Amino acid sequence: MDIDKLKQYFQHILNILYPSIAAITLVSNYHIHPVLAENTRKGGIDWIVVVDTSASMRGVGGTKNIFTQVKNSISDFVNTARVGDSVTLYTFDQDVQLKTENITITKNEDRGKLKQIINALQANGIRTHTGKAVQAALTHSAKLNQRADTLGRTVSIVFLTDGLEDTRGINNPISIPSNTQLLQQQQCKPYVFFVSLGLKEHEKQLNDFANHPALCKKGQVLRDPGGAKLNQLAQSIRPVLVKPKLEIETPKNHNQTVAPGSMTQPFNIDGMSNVNTKVKVKLADPKQTGISLISPNQQQEINLAENQPTSIPIQLKIPENAQGGTKNIRLILTANDKSIAPISLDVPVTIQWLIDIQPKTIDFGEIQAGKNTNTQTLVVNSNQSGTANLQLQNHPQDITLITSSNISLNKGENKIPIQLQISNHSGEGEKSFNLVINPNNKDGISSGTKAKLTIFIPLYRKIIIWSILFILLLLIALIILCLIKRKTPWELLQDFRSRKNLEGELEIINPLPRTSEEQFISLTQLQLNRVILSELITAFSSTDNDAELTTIWRLGKKKVYLNLLKGKIIINNQEITSTELYDNDTIEIGNITLKYYWNGNQRPFEQNPGEINF
């Protein structure tokens with residue numbers, strides 16, 4: 001390869017590499033070491049130099065010794081590095097070694113430190129593990145692109161090797177093609193240059209890797225057999241003229257949820273240029289969302305200083321009829337200098353999912369307990385399509401929804417049939433509750449309507465219910481009464497049947513009956529509420545006197561009365577025609593004398609024996 005051809009090839013690299021000196025990516029939320037952030041100047045290049053230190057580089061095996069020339073070329077490269085550039089140096093043979101990391105060029109002492117490291121390099125390795133070297137360089141490139149000051153910087157990886165990859169005897173070697181996944185993660189950020197120095201052999205895998213789509217045409221293989229033109233490496237790769245270019249990016253996690261008809265909260269985008277210029281911000285709306293730019297005014301000019309990110313506050317207006325969901329709007333930065341190409345950025349904006357329900361009040365009318373309501377229709381207007389959940393809120397437990405709770409909504413008007421089921425055990429009266437639709441989307445807003453209905457119970461069911469309640473009350477009362485009386489229900493029934501029967505006992509004093517069994521007559525055992533004495537006592541048949549015994553309930557108490565039928569009656573030495581009988585009363589009817597007994601039924605104010613009245 002002659003010198004002129006090599007110069008032309010390197011000049012081609014210049015045209016590819018240098019327009020990206022101001023890197024596109026801004027990552028503002030990552031933490032980096034403070035010294036690295038302070039010492040790395042915006043707009044510089046981060047060089048990752050990877051040198052083959054296998055023994056073949058110094059002529060072992062019959063090849064040309066080019067290692068001293070390689071080290072001199074890298075030292076010359078360091079001499080031409082600009083203030084703000086950084087240099088990382090790797091060597092590789094059977095393994096990869098990091099010799100120095102991110103030394104930033106701020107003064108000549110930094111260059112001297114780097115050249116000392118380069119001069120101390122030795123080429124004694126027995127293998128060429130190129131795949132592992134590629135992995136190490138790309139991993140370090142990813143780390144560099146995660147810094148807070150990555151905007152305006154370019155990562156350039158330069159490999160110098162003289163032959164084929166040789167991984168014999170290496171356990172689990174890393175192949176060159178296996179690093180393509182790392183490339184995809186880089187998002188087109190690094191430039192990669194493979195400088196192939198072999199006189200006879202060239203690793204063709206490097207060509208495939210350099211041309212991989214994930215490198216976005218930023219990869220090149222430079223052939224320089226024997227390293228004849230290595231002294232021109234730095235001057236050829238580093239561009240000498242910066243092409244004016246704009247950069248733009250927004251911070252992460254800025255996406256907002258905005259209601260239709262409102263404005264977004266102001267958010268910042270970062271604009272930068274590698275030359276001093278003025279720019280305007282415009283909004284493109286290719287999908288005709290109706291979103292408009294409020295701030296900055298599209299005629300407002302914004303100054304961008306060379307390689308200095310400038311925050312530009314953005315505020316958007318959302319139209320009233322905007323469709324819900326996440327929309328990408330495009331912001332375009334246009335420089336006054338027509339030689340600088342415009343640059344655009346897609347910014348996501350999430351518009352709230354709004355639902356409106358009509359009517360605002362719905363009446364299901366009168367409905368019998370245990371029946372279903374008539375079907376009513378809700379008209380639901382939605383500003384986007386999706387699924388939602390229909391619920392009853394603040395409702396009695398005896399009202400349930402028959403309609404499916406999962407509903408699908410289309411953008412625009414939707415008609416949703418609603419039918420309710422009333423429990424068979426519902427009570428009468430008006431019931432009020434809410435019908436609510438909840439979008440199955442965290443950005444959606446619920447909407448509801450008031451609902452009411454009146455539950456009634458038919459007359460026959462009321463009769464049955466009250467009858468059951470009455471019977472229950474009677475049973476409760478009966479249980480209580482049994483407990484108080486200490487009697488069984490059957491015994492209480494017998495008491496009830498005999499409540500009007502005569503109580504007590506008559507003793508025939510005169511004339512005495514022939515047998516003692518005939519002397520006492522139990523009125524209780526007669527189970528009668530009226531008896532005529534002449535029918536009860538045979539002695540009355542020889543007299544012209546007669547009376548009857550009856551019962552009367554007065555003030556809740558049973559009383560036994562003796563009523564004169566004919567003749568004369570003397571009670572306790574007093575003649576009467578009708579009187580209440582008490583325990584131990586003496587009855588005289590003609591020549592017949594009787595004694596009445598009713599234990600516990602004492603005559604009121606009866607004096608105790610021996611008591612004297614004054």
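These figures come from a predicted structure and were not determined experimentally.
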For residues 315-326, please give each side-chain donor-acceptor pair under 3.5 Å, one per line with the distance, not counting sequence neighbours.
from   : atom 1 : to     : atom 2 : distance (Å)
Gln315 : NE2    : Thr264 : O      : 2.9
Lys317 : NZ     : Gly261 : O      : 3.1
Thr326 : OG1    : Thr350 : OG1    : 3.0

- Item | Option from Asn374, Ile362, Ile422 for which side-chain contact (heavy atoms from CB on, under 4.5 Å) with Leu453 holds | Ile422
Result block: side-chain N/O donor-acceptor pairs under 3.5 angstrom for residues 440-447, not counting sequence neighbours:
from   : atom 1 : to     : atom 2 : distance (Å)
Asn440 : ND2    : Thr387 : OG1    : 3.1
Asn441 : OD1    : Asp443 : N      : 2.7
Asp443 : OD1    : Thr257 : OG1    : 3.1
Ser446 : OG     : Asn438 : OD1    : 2.4
Ser447 : OG     : Ile355 : O      : 3.2

- CG (Asp544) with more than 12 external heavy atoms under 6.0 Å: no
- Note on the structure: Heavy-atom nearest pair, Ile302 first then Pro296, reads CD1-CG, 4.2 Å
- State whether Glu428 and Lys462 are salt-bridged, where the test is any N-O pair (Lys NZ or Arg NE/NH1/NH2 against Asp/Glu carboxylate O) under 4.0 Å. yes
- Message: Just checking Lys280: does its NZ atom have more than 12 heavy atoms from other residues, nucleotides or ligands closer to it than 6.0 angstrom?
- Response: yes
- Query: Is any NZ, NE, NH1 or NH2 atom of the basic residue among Arg603 and Asp585 found under 4.0 Å from an Asp or Glu carboxylate oxygen of the other?
  - Reply: yes
- Query: Using the ring of each side chain (for Trp, its six-membered ring), is Phe520 parallel, tilted or perpendicular to Tyr597, with breaks at 30° and 60°?
  - Reply: tilted
- Message: side-chain contact (heavy atoms from CB on, under 4.5 Å) for Glu575 and Lys568? Distances and angles first, verdict last.
- Response: CA-CA 7 Å; Glu575 184 177 349; Lys568 183 173 67 173; 3.3 Å; yes
- SB check Asp346 Arg330 (cutoff 4.0 Å): yes
- Query: Backbone N or O of Pro417 within a donor-acceptor pair of the Thr377 side chain at under 3.5 Å?
  - Reply: no
- CD of Gln527: more than 12 outside heavy atoms within 6.0 angstrom? no
- Heavy atoms only: give me the nearest Ala369-Arg461 pair and the separation to one decimal. O-NH1, 3.1 Å
- Query: Just by modelled atom types, is the Asn601 backbone N or O under 3.5 Å from a matching donor or acceptor in the Asp583 side chain?
  - Reply: no
